[in-house]
Amino acid sequence: MGPVYYTVRNINGDYAYMVSEEGVENQVAMFLLPEGTDVGSRLKWEAFEWELLR
């Protein structure tokens with residue numbers, strides 16, 4: 001399985017709420033995401049690792 005790309009839609013406390021390019025919603029604890037992640041950030045999930053794209 002290839003990478004999955006997400007856009008952060010909302011941050012509520014310790015959780016980021018995001019949606020993939022395919023429209024799948026996801027919620028992830030902020031401590032698992034790269035430093036600098038904020039609302040509007042684009043993230044790549046691949047090989048059990050998050051990468052901040054912008």
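Quick caveat, the model's predicted, so the values are computed rather than measured.
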Which value, rounded to the nearest 0.5 Å, describes the distance between Met30 atom CE and Asp14 atom CG?
8.5 Å

State, with a plain yes or no, whether a side-chain heavy atom of Asn26 is found less than 4.5 Å away from one of Val19.
no

Can you tell me how far CE of Met18 sits from CG of Asn10, rounded to the nearest 0.5 angstrom?
11.0 Å

Qualifying ring pair (Phe, Tyr, Trp, His ring centres under 6.0 Å) pairs, either residue in residues 4-40, two or more places apart
Tyr6-Trp50

Value for CG (Asp38) from CG (Leu52), rounded to nearest 0.5 Å, stands at 9.5 Å

For Arg9 versus Val39, what's the shortest heavy-atom pair and its separation?
O-CG1, 3.7 Å

Hey, is CD on Gln27 packed in by over 12 heavy atoms from elsewhere, all under 6.0 Å?
yes

Pairwise distance CH2(Trp45) to CG(Leu33) - rounded to 0.5 angstrom:
9.5 Å

Full working for side-chain contact (heavy atoms from CB on, under 4.5 Å) between Leu43 and Leu53:
CA-CA 6 Å; Leu43 298 166; Leu53 302 176; over 6 Å; no

Closest approach of Gly36 and Ser41, non-hydrogen atoms and distance?
O-OG, 4.0 Å

Kindly compute the distance separating OG1 (Thr37) from CD (Glu51), expressed to the nearest 0.5 Å.
11.0 Å

